[in-house]
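To start, the structure under review is shown below, and the notes come after it.
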Protein chains: 2
Amino acid sequence: MSTAASTAEVSDIQVGAPPRRQLTKVFKALSDGTRQEILRLLEGHQRTVGEIVGNFNLSQPTISRHLSVLKEAELVVDQRQGQNVIYRLNDEALSASMRSFFGQFRSCQHSLR
Amino acid sequence: MSTAASTAEVSDIQVGAPPRRQLTKVFKALSDGTRQEILRLLEGHQRTVGEIVGNFNLSQPTISRHLSVLKEAELVVDQRQGQNVIYRLNDEALSASMRSFFGQFRSCQHSLR
DNA sequence: TGAACCCCTGACCCAACGGTTATGAGCCGT
DNA sequence: ACGGCTCATAACCGTTGGGTCAGGGGTTCA
């Protein structure tokens, strides 16, 4: 038992951390350049779908699909506001996913606070 | 300018950070459960292909292709040793990718050292 | 109610992905 | 040189993924 935790024997997984299936969803969501770009757009600002579409040379349905993938991965949150639907980053989920995956690797723990 | 760097005005991108195309490769590589599992196997130990195959109910060629995807993403490094080929984690690339992507988001910067 | 706007969903197409089997290349032992 | 072991690659197949266009549901305003 090298790095044994307190009570549980196999406790690689932190409490409150996303389960593995969800983590795979997250990486699938991040594995597309357009979706990465969308996340960058949402950093800081919340934006309507139309605003997001305006930043790409892609059709509105295509962006809508990307957004639903990001929502499924819980990386973004949407909220209806009149005619518009506003998307914003789900900050907690983003950093939780990051910590839960990369925390498994010694070389990354150095970089985690 | 909260965490402004020295000279450059727009320096979201760290020096020595992987370019975006490479980052997408990394997330694509991470977006498969088997490949995530392989990385966990390689944490700490280096292993031969045969040892890795022994941990899955998948054929040797399948694992071999997964390994080549991970290698393309520079998440692992291989090295011939006699009959065997030994794979090990590429620690630097892993943590560099993590920092370079998640560093873009305020909510994640809190967790980065 | 109806028109206009914003966005999502369905149906479809082609490319990419993950799995398989078969085969071959590279390295050892005898 | 040969046989056996390890691993990678080629060819193939079904599924998933990302794109399009067409259409429809929700909301606002007159």
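Letters A, B, ... mirror the listed sequences (proteins, then strands); counts begin at 1.
At the phosphate of C/dC7, OP1 or OP2 sits under 4.0 Å from a side-chain N or O atom of A/Asn84.
Following rounding to the nearest Å, A/Gln79 (CD) and D/dG26 (C1') show an atom-to-atom distance of 16 Å. Separating the NZ atom of A/Lys71 from the C1' atom of C/dC8 is a distance of 9 Å, rounded to the nearest angstrom. Protein atom CG of B/Leu67 is 12 Å distant from nucleotide atom P of C/dG19, rounded to whole Å. Nucleotide D/dT6 holds its P atom 18 Å from the CG atom of B/Asp78, rounded to whole Å. The interatomic distance linking A/Gln83 (CD) with D/dT27 (P) rounds to 10 Å, in whole Å. Atom CG in B/Leu70 sits about 14 Å away from atom P in C/dC17, given to the nearest Å. At whole-Å resolution of the value, CD1 in A/Ile52 and C1' in C/dC6 are 13 Å apart. Going from atom CD of B/Glu72 over to atom P of C/dC17 covers 11 Å, rounded to whole Å.
Just one residue in the list A/Leu70, A/Val85, A/Thr48 forms a side-chain contact (heavy atoms from CB on, under 4.5 Å) with A/Asp78, and that residue is A/Val85. With respect to B/Glu72, the salt bridge (Lys or Arg N to Asp or Glu O under 4.0 Å) criterion is satisfied by exactly one of B/Arg21, B/Arg35, B/Lys25: B/Lys25.
Using a distance-only test at 3.5 Å, with no hydrogens or angles considered, no donor-acceptor pair links the side chain of A/Gln79 to the main chain of A/Tyr87. Not a single donor-acceptor pair under 3.5 Å links the side chain of A/Asp32 to the backbone N or O of A/Lys28.
Interatomic distance, A/His110 NE2 to B/Arg99 CZ, rounded to the nearest 0.5 Å: 12.0 Å. Here the NZ-NE2 distance, from A/Lys71 to A/His66, works out to 15.5 Å after rounding to the nearest 0.5 Å. Within the model, atoms OG1 of B/Thr34 and CG of B/Leu39 stand 11.0 Å from one another, a figure rounded to the nearest 0.5 Å.
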**Message:** What does the B/S/- profile of nucleotides 14-22 of chain D look like, 5' to 3', with a 4.0 Å heavy-atom cutoff to protein?
**Reply:** ---SSSBBB
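Residue A/Arg80 is the one, among A/Arg80 and B/Gln81, whose nearest nucleotide of DNA chain C lies closer to the 5' end (criterion: closest heavy atom).
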**Asked** What's the verdict on side chain to side chain contact (heavy atoms under 4.5 Å, CB included) for B/Gln104 and A/Glu43, showing C-alpha distance, side-chain angles and the deciding distance?
**Response** CA-CA 8 Å; B/Gln104 300 178 305; A/Glu43 164 65 17; over 6 Å; no
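At most 12 non-hydrogen atoms from other residues, nucleotides or ligands lie less than 6.0 angstrom from CZ of B/Arg65.
A/Tyr87 comes within 4.0 angstrom of the backbone, heavy atoms only, and of no base. Backbone-only contact: A/Thr48 has heavy atoms under 4.0 Å from sugar-phosphate atoms and none from a base.
The bend of the helix from C/dT1-D/dA30 to C/dC27-D/dG4, defined by the angle between the axes of its first five and last five pairs, stands at 30° to the nearest 10°.
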